[in-house]
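Only heavy atoms go into these numbers, but all of them, side chains included; no hydrogens, no water, no symmetry mates.
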Amino acid sequence: MAAACNNLTSLALAILTAFLLGSSSFETCSARDQTKHSIQSSTAHEPSLQGRKLSKFTSYAYSGAPEEMATSSAIFNVLSYGAKGDGRTDDTKAFEAAWAAACKIEGATMVVPSGSVFLVGPISFSGPTCQPNILFQLDGKIIAPTNSGAWGSGILQWLEFSKLKGITLTGKGIIDGQGSVWWHDAPSSYGTADDSASSELKGNMPGTKPTALRFYGSSGVTVTGITIQNSQQTHLKFDDCTAVQVSDFTASSPGDSPNTDGIHLQNSQDVTIYSSTLACGDDCVSIQTGCSNIDVHNVNCGPGHGISIGSLGKDNTNACVSKITVRDVTMHNTMTGVRIKTWQGGSGLVQQVTFSNIQVNNVKSPIVIDQYYCEKSSCHNESSAVQVSNIAYVNIRGTYTEQPAHFACSDILPCTGISLSTVALKPVQSATQPFCWEAYGELKTATDPPINCLRRGMPPNAKSHPYSDSCQN
């Protein structure tokens with residue numbers, strides 16, 4: 001009898017244990033299903049991160065409040081911070097909040113998702129306290145406000161990244177400066193998703209036109225894939241930056257939009273620009289003082305003013321530019337091709353510049369050195385100049401509309417070390433002959449047309465780099 005009771009007791013315990021285990025398994029499966037749903041929801045607006053090295057904080061199951069993300073996720077979508085993306089609502093504060101959160105985590109990604117238009121006012125993504133290697137994933141569209149009240153009395157840049165280490169701006173998105181209201185100093189459409197917003201324009205724009213996108217004081221900068229269009233002034237600027245790469249970049253503004261340089265470099269070193277298309281109303285690439293080790297290649301330029309070094313030496317300033325290579329470039333319907341321009345009265349040195357494999361089509365003046373550059377109606381003569389030395393032109397081909405080569409060098413400091421090799425330029429209409437003034441160098445091959453005005457050798461009593469000391473690092 002006792003044995004029978006014991007057997008019954010054991011059987012009951014076994015049944016109870018099995019029931020409890022089954023219940024636990026059901027809860028676990030249910031929890032897994034909920035987690036899976038949370039993962040799918042949280043990644044619905046995220047870009048593909050295949051190949052992206054993620055932070056140890058990454059957790060796609062996160063569904064909490066934005067302020068908690070800094071400890072649980074390295075992906076910061078502006079929609080999670082209140083951005084509407086409707087092209088009408090001011091999303092500036094949402095962008096600032098998303099950046100502030102991403103900035104705290106090394107290797108974090110800030111996401112501007114596709115399918116939305118974000119109206120964003122002037123904003124600085126600054127980084128003295130930011131962690132390195134931030135990725136800004138731009139797949140949507142960012143537009144600038146066109147009401148004068150958003151700009152105060154005038155701002156020098158619209159979007160700025162400053163003092164960052166390892167910043168990457170990538171994606172297939174668009175930055176639209178809606179610059180026509182600045183170019184013509186008159187309101188036009190508000191440029192939002194709803195055309196009825198055009199009635200919201202108020203007053204004329206400030207006299208100071210902002211650069212659309214500027215990087216300042218940063219190192220390890222990469223810009224790839226994006227488009228900047230209709231910039232208020234310069235499309236993309238790098239100031240005091242090192243180790244910069246720009247690729248698959250597009251700048252797009254009308255040929256008559258004033259001062260809309262495609263890419264502007266100043267006080268920057270070790271810069272590579274390649275596989276990009278630049279159409280604008282000023283220089284496709286502008287290389288200013290303080291630049292060295294610059295490589296521009298496989299770029300399509302036009303319309304615009306060509307690729308320029310300068311202008312340099314304005315208001316009697318010192319300018320230093322060296323080790324510049326521009327190669328494998330196509331230019332069409334531009335004012336100049338490859339150009340060096342300096343003001344009278346400056347000082348300093350431009351040296352070790354190579355322009356090679358340049359194809360020009362319907363370019364007014366393909367080859368230009370102008371040491372009498374003047375933006376005013378007239379400029380008076382000065383007794384000093386930025387020296388221009390060791391400039392090589394190799395395989396410059398195509399068609400021109402006005403003048404094939406123009407070397408207007410300084411009486412005080414003639415251009416020296418100009419070399420020409422395989423230059424073949426054909427006029428598309430009646431054109432003027434090549435011009436040379438105080439230009440010295442060498443014709444390494446015959447040129448078409450002949451550029452016989454280039455003087456051989458060195459000028460009498462030539463001074464070797466009188467301003468070289470002022471250009472030492």
Output the distance between atom [atom1] ([X]) and atom [atom2] ([Y]), rounded to the nearest 0.5 Å.
{"X": "Lys163", "Y": "Ser126", "atom1": "NZ", "atom2": "OG", "value": "8.5 Å"}
{"X": "Asn300", "Y": "Met331", "atom1": "CG", "atom2": "CE", "value": "10.0 Å"}
{"X": "Leu169", "Y": "Ile228", "atom1": "CG", "atom2": "CD1", "value": "7.5 Å"}
{"X": "Asn357", "Y": "Asp328", "atom1": "CG", "atom2": "CG", "value": "4.5 Å"}
{"X": "Asp176", "Y": "Gln178", "atom1": "CG", "atom2": "CD", "value": "5.0 Å"}
{"X": "Cys374", "Y": "His380", "atom1": "SG", "atom2": "NE2", "value": "10.0 Å"}

Q: With salt bridge (charged side-chain N to carboxylate O under 4.0 Å, His left out) as the test, would you mind laying out the steps for Asp239 and Arg214 before giving the verdict?
A: CA-CA 8 Å; Asp239 193 353; Arg214 180 196 190 213; 3.0 Å; yes
Q.
Evaluate Gln288 against Ser286 for side chain to side chain donor-acceptor pair (under 3.5 Å), listing each step before the verdict.
A. CA-CA 6 Å; Gln288 300 294 319; Ser286 171; 2.7 Å; yes
(Q) Walk me through whether Ser365 and Met335 qualify under side-chain contact (heavy atoms from CB on, under 4.5 Å). (A) CA-CA 7 Å; Ser365 299; Met335 186 178 76; over 6 Å; no
Compare all side-chain heavy atoms of [X] with those of [Y] and state whether any distance is below 4.5 angstrom.
{"X": "Ile174", "Y": "Ile142", "result": "no"}
{"X": "Ile367", "Y": "Tyr400", "result": "no"}
{"X": "Trp343", "Y": "Val386", "result": "no"}
{"X": "Asp370", "Y": "Thr342", "result": "no"}
{"X": "Lys341", "Y": "Tyr372", "result": "no"}
{"X": "Gln233", "Y": "Ser231", "result": "no"}
{"X": "Ile123", "Y": "Glu96", "result": "yes"}
{"X": "Cys301", "Y": "Thr334", "result": "yes"}

Q: Tell me, with the steps shown, if His297 and Thr325 meet side chain to side chain donor-acceptor pair (under 3.5 Å).
A: CA-CA 8 Å; His297 64 91; Thr325 299; over 6 Å; no
Q: Please test Asn77 against Ser80 for side chain to side chain donor-acceptor pair (under 3.5 Å), starting from the C-alpha separation and ending with a verdict.
A: CA-CA 5 Å; Asn77 191 318; Ser80 299; 5.2 Å; no
Distance-only, no hydrogens or angles: does the [X] side chain make a donor-acceptor pair with backbone N or O of [Y] under 3.5 Å?
{"X": "Asn316", "Y": "Gly345", "answer": "yes"}
{"X": "Asp90", "Y": "Thr92", "answer": "yes"}
{"X": "Gln429", "Y": "Thr401", "answer": "yes"}
{"X": "Thr336", "Y": "His305", "answer": "yes"}
{"X": "Thr222", "Y": "Thr168", "answer": "no"}
{"X": "Thr260", "Y": "Gly281", "answer": "yes"}
{"X": "Ser268", "Y": "Leu265", "answer": "no"}
{"X": "Asn318", "Y": "Gly348", "answer": "yes"}
{"X": "Trp158", "Y": "Val120", "answer": "yes"}
{"X": "Glu106", "Y": "Pro132", "answer": "no"}

Q. With under 30° as parallel and over 60° as perpendicular, where do the rings of Phe238 and Phe215 fit, or are they tilted in between?
A.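 If you compare the ring of Phe238 with that of Phe215, the planes turn out parallel.
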Q: I would like to know whether Ile167 and Phe125 meet side-chain contact (heavy atoms from CB on, under 4.5 Å); could you show each step before the answer?
A: CA-CA 11 Å; Ile167 174 67; Phe125 302 102; over 6 Å; no
Q. Under 6.0 Å between the ring centres of Tyr81 and Phe95?
A.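 Ring centres of Phe95 and Tyr81 not closer than 6.0 Å.
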Q.
Could you check whether Phe136 and Phe161 have their ring centres less than 6.0 Å apart?
A.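 Between Phe136 and Phe161, which both carry aromatic rings, the centre distance is below 6.0 Å.
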Q: Applying side-chain contact (heavy atoms from CB on, under 4.5 Å), run through Thr277 and Phe249 and close with a yes or a no.
A: CA-CA 6 Å; Thr277 299; Phe249 168 71; over 6 Å; no
Q) Is there a side-chain contact (heavy atoms from CB on, under 4.5 Å) between Cys280 and His235 once you walk through the steps? A) CA-CA 9 Å; Cys280 55; His235 290 75; 3.9 Å; yes
Q) Just by distance, with hydrogens left out, do Tyr373 and Gln371 show a side-chain donor and acceptor under 3.5 Å apart? A)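 Checked: Tyr373/Gln371 side chains show no N/O donor-acceptor pair below 3.5 Å.
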Q: Decide salt bridge (charged side-chain N to carboxylate O under 4.0 Å, His left out) for Lys237 and Asp261; before the verdict, give the C-alpha distance in whole Å, the side-chain angles of both, and the deciding distance to 0.1 Å.
A: CA-CA 9 Å; Lys237 178 183 288 188; Asp261 289 4; over 6 Å; no
